[in-house]
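Protein chains get the first letters and strands the later ones, always in sequence-line order, with residue 1 at the start of each.
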Amino acid sequence: MRLHEYQAKQVFADAGIPVPESHLATTVEEVVEAVSEIGFPAAIKAQVHVGGRGKAGGIKIATSEEEARQYADEILGMDLKGYTVEKVLVEEGVDFENELYVGITMDRGEGEPVAMVSTEGGVDIESVAEETPEAIAREHIDPAFGLHPYQARKVVYDAGIPRGVAGDVASILSTLYDLYESRDASEIEINPVMITADREVVAADAVMNIDEDALFRQPDLAEMEDEAAADELEAKANEYGFDYVRLSGNVGIIGNGAGLVMTTLDLVDHFGGKPANFLDIGGGAKAERVANALDMVFADENVDAVVFNIFGGITRGDEVAKGINEALESFDEIPKKVVVRLAGTNAEEGMEILNTDLVEVESTLEDAVQRAVENAQEAGQ
Amino acid sequence: MSIFVDDDTRVVVQGITGGEGKFHTEQMIEYGTNVVAGAVPGKGGQEVAGVPVYDTVDQAVEAEDADASVVFVPPAFAGDAVFEALDTDLDLAVAITEGIPTQDMAKVNKRLSEVDTRLIGPNCPGIITPGEAKLGILPGNIFESGDVGLVSRSGTLTYQVVSNLTERGIGQTTAIGIGGDPIIGTSFVDALEAFEADSETKAVVMCGEIGGEDEEQAAKFIAENMDTPVAGFIAGRTAPPGKRMGHAGAIVSGSGTGTAASKIDALNDAGVPVGDTPNEVADYIEDFL
């Protein structure tokens with residue numbers, strides 16, 4: 001789960017990291033009011049979950065009230081890579097001499113967090129990492145001990161950060177690690193850290209991604225999850241607690257287990273169809289969960305046919321069959337053809353329970369997917 | 001032969017009194033697994049499925065001489081439960097739990113480097129040596145004893161591929177689900193190394209998926225160290241970049257690493273054929289035998 005910049009900055013500021021003065025605004029009038037307090041120049045920054053906001057026109061610097069009004073009008077409501085901008089952050093423009101990068105993420109290969117510092121801030125750090133990896137200093141962190149102060153100093157000096165601000169940057173890095181650990185971040189980043197002419201160090205941006213599996217112990221961060229900005233169906237999936245991704249095709253896919261669901265997607269493609277979604281009902285699903293999954297996929301107007309692919313392990317076939325029956329019996333007319341393939345734990349019991357007047361049944365994965373692709377092609381004509 | 005578990009393995013089940021713990025303990029016992037104890041704080045003295053329950057893993061190991069553990073503990077407490085298993089000098093711990101916070105696993109991973117216990121998982125279906133023992137949630141009836149090893153990041157995909165093999169009369173030495181999380185104990189390379197060393201394993205199936213670089217490392221290992229033939233499958237060819245597809249690890253980064261294509265290329269370069277469908281993987285294995 002990704003926090004918005006304004007949310008991450010609040011978390012950073014509360015931890016003592018210097019951030020520019022800023023106000024959140026949702027209307028042009030609020031923007032004008034904000035700039036009157038902050039003064040000029042002021043940055044107006046779209047708060048949406050996309051990278052490269054600046055290049056896409058989502059960040060503008062206003063030097064007068066007139067400009068502030070004009071930019072606020074442009075940015076609020078604009079479509080930024082598929083997301084509608086509903087909020088902007090109005091922020092004091094920092095007059096800087098240098099821009100640095102600091103970040104911490106999990107190095108999954110090493111199974112350890114890694115701190116990264118670079119003098120190449122304010123640019124796309126991924127391309128720096130690819131083209132000139134030596135421009136980023138790295139220090140792995142023993143998760144049992146955390147980031148030692150000497151390590152924070154070491155990586156800052158390794159990166160060639162000017163001596164006059166090295167102590168302040170090391171201190172920001174230490175605070176970032178404390179946040180990374182205590183708030184269960186999967187990634188935490190400031191790009192850029194700005195250094196002003198009088199050697200002040202300021203976090204001009206803030207990125208904070210939270211490990212979704214740890215939200216149970218971060219209730220205040222969980223509340224920040226911005227469902228309004230997400231796709232309507234994806235919001236519904238959050239509510240039901242499904243792993244769900246909406247795709248552009250017309251074959252709805254429901255299955256259990258990420259690997260098998262991905263394989264089902266791949267097979268739909270293999271047999272000439274296009275998957276409409278990834279929906280994993282997870283392990284041990286009971287009847288109600290199965291019914292919710294069907295409800296979700298039927299709610300997607302792009303879906304022309306559905307394939308339900310279950311290979312039970314911890315999930316039991318009889319529970320799944322019960323859920324499919326219950327869900328489909330509630331319709332006078334079933335909106336889309338459903339092909340079911342049940343295997344594994346209690347699959348035989350499931351097949352006996354399954355109401356085959358409502359669904360088509362196939363016994364192999366390939367046959368089920370192929371049948372669903374054919375159904376979608378017929379329905380789409 | 002088999003790797004990591006056999007009919008001598010003496011198992012303690014952590015979380016045996018929970019719904020899943022109880023159900024799967026019964027299933028494991030029915031399969032013939034030597035489940036000797038349960039461990040649940042505060043539940044010592046009870047009995048589940050005819051198995052005595054202890055308050056700590058330590059007590060269970062002491063009293064029943066267990067040498068392996070299976071963890072069915074909810075995610076909030078599972079990291080701690082794995083630490084407890086690692087602190088007891090077991091040979092093997094299998095963590096079934098899905099959704100353990102990554103930073104908890106980073107700490108577990110650190111401790112793992114300091115002990116001799118092997119960890120399988122978390123977020124995995126477990127391990128099975130057909131006809132001898134299963135530790136986890138794998139449906140025993142689809143497996144058959146034979147000479148093919150299988151290692152997979154995904155549980156249900158394991159079942160799918162195994163059923164394709166078994167239907168053709170191709171049995172398995174051992175099948176391991178290593179789990180789909182970003183930080184796991186036993187890796188592809190660990191499992192492949194053990195299969196290579198096992199004289200009865202004549203061929204190996206490796207099922208990977210998008211995300212991370214474990215498959216690429218496995219490909220390198222196969223090219224340099226393996227005589228046993230390997231056939232592969234990679235899930236997630238159609239996954240769009242930047243989206244998390246269920247497993248925490250199953251995400252394609254924007255920069256092109258961790259994609260299905262890069263994994264398939266790496267495996268092909270190592271001489272490993274990769275099936276377009278699970279059934280094709282079984283075709284390759286049939287050719288190897």
Side-chain angles (χ1 to χ4, degrees), chain A residues 51 106 108-113 126-127 129-130 141-145 180-181 184-186 211-214 216-217 243 245 247-249 255-263 265-270 274-275 278 280 282-284 309-315 343-347 364-366, chain B residues 19-20 23-24 27 75-76 96 98-107 109-111 125 136-139 141-142 152-160 163 180 182-183 207 209-210 212-214 217 233 235-240 243-250 254-255 260 276-279:
Chain A
M106 184 64 73
R108 54 179 288 175
E110 296 294 322
E112 281 184 341
E126 276 84 14
S127 32
E130 250 167 55
I141 299 159
D142 182 332
F145 290 108
Y180 174 86
E181 194 189 23
D184 279 300
S186 52
D211 179 358
E212 311 229 349
D213 286 336
F216 67 87
R217 60 188 176 204
D243 281 319
V245 178
L247 302 165
S248 57
N256 66 320
L260 188 64
V261 180
M262 280 194 279
T263 301
L265 260 66
D266 294 348
L267 285 181
V268 165
D269 183 69
H270 180 76
K274 285 205 178 327
F278 168 101
D280 178 6
N309 181 28
I310 298 293
F311 209 123
I314 203 162
T315 306
T345 308
N346 293 5
T364 72
L365 170 62
E366 280 91 346
Chain B
E20 299 300 344
F23 176 80
H24 289 287
Q27 298 277 310
I96 306 302
E98 177 178 357
I100 302 180
T102 305
Q103 294 200 29
D104 294 4
M105 274 313 299
K107 293 189 176 88
N109 186 56
K110 173 67 184 175
R111 172 53 59 87
I137 61 176
L138 312 105
N141 61 333
I142 63 168
S152 170
R153 265 167 84 178
S154 153
T156 45
L157 184 54
T158 308
Y159 313 158
Q160 177 63 49
S163 70
I183 300 180
C207 297
E209 63 185 27
I210 52 167
E213 286 169 5
D214 297 8
Q217 281 169 13
F233 185 79
R237 295 166 187 236
T238 49
K243 293 280 189 184
R244 173 173 157 165
M245 304 292 260
H247 283 162
S255 58
D276 282 340
T277 69
N279 213 17

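- Interface remark: of the candidates A/D184, A/D280, A/T263, A/T263 forms the most heavy-atom pairs closer than 4.5 Å to chain B.
- Closest of all the heavy-atom pairs between B/T156 and A/G257 is OG1-CA, 3.5 Å.
- Among A/R217, A/E212, A/E112, the residue with the largest count of heavy-atom pairs under 4.5 Å with chain B is A/R217.
- For B/I183, the part lying under 4.5 angstrom from a heavy atom of chain A is the side chain only.
- With rounding to the nearest 0.5 angstrom, the CZ atom of A/R108 is 9.5 Å from the OG1 atom of B/T102.
- Scored by the side-chain hydrogen bond (donor to acceptor under 3.5 Å, both in side chains) test, B/Q160 finds A/R341, B/N164 as partners (sequence neighbours excluded).
- Only the side chain of B/R153 comes within contact range of chain A, judged by heavy atoms closer than 4.5 Å.
- Atom CG of A/D213 is separated from atom CG of B/D104 by 10.0 Å, given to the nearest 0.5 angstrom.
- For chain B, the nearby part of A/E110 is the backbone; its heavy atoms alone come within less than 4.5 Å.
- In this structure, chain A has no heavy atom under 4.5 Å from any part of B/L138.
- Using a 4.5 Å cut-off between heavy atoms, B/S152 does not touch chain A at all.
- Proximity to chain B (any heavy atom under 4.5 Å) is restricted, for A/D243, to the side chain, taken from C-beta onward.
- Atoms CD and OG1, on A/E366 and B/T277 in that order, are 4.5 Å from each other to the nearest 0.5 Å.
- Contacts of A/L247 with chain B are made by side-chain atoms alone, with heavy-atom separations under 4.5 Å and no backbone atom involved.
- In this structure, chain B has heavy atoms under 4.5 Å from both the backbone and the side chain of A/L265.
- Heavy atoms from other residues, nucleotides or ligands lying under 6.0 Å from CD of B/Q103 number more than 12.
- Taking chain B as the reference chain and counting heavy-atom pairs below 4.5 Å, the highest number among A/A343, A/G312, A/G344, A/G109 is found for A/G312.
- Counting heavy-atom pairs under 4.5 Å between each of A/D269, A/N346, A/T315, A/D142 and chain B puts A/D142 at the top.
- Residue contact with chain A, scored on non-hydrogen atoms closer than 4.5 Å, is absent for B/P125.
- Contact of B/N109 with chain A is made through the side chain alone, with heavy-atom distances under 4.5 Å.
- The distance from the OG1 atom of A/T345 to the CZ atom of B/F23 is 6.5 Å, given to the nearest 0.5 Å.
- Both the backbone and the side chain of B/K107 come within less than 4.5 Å of a heavy atom in chain A.
- Counting heavy-atom pairs closer than 4.5 Å to chain B, the top-ranked of the candidates A/S186, A/S248, A/A185, A/A129 is A/A185.
- Taking CD of B/E209 as the reference point, atom CG of A/D266 lies at 11.0 Å (rounded to 0.5 Å).
- The two residues B/S154 and A/G259 have their closest heavy-atom pair at OG-CA, 3.3 Å.
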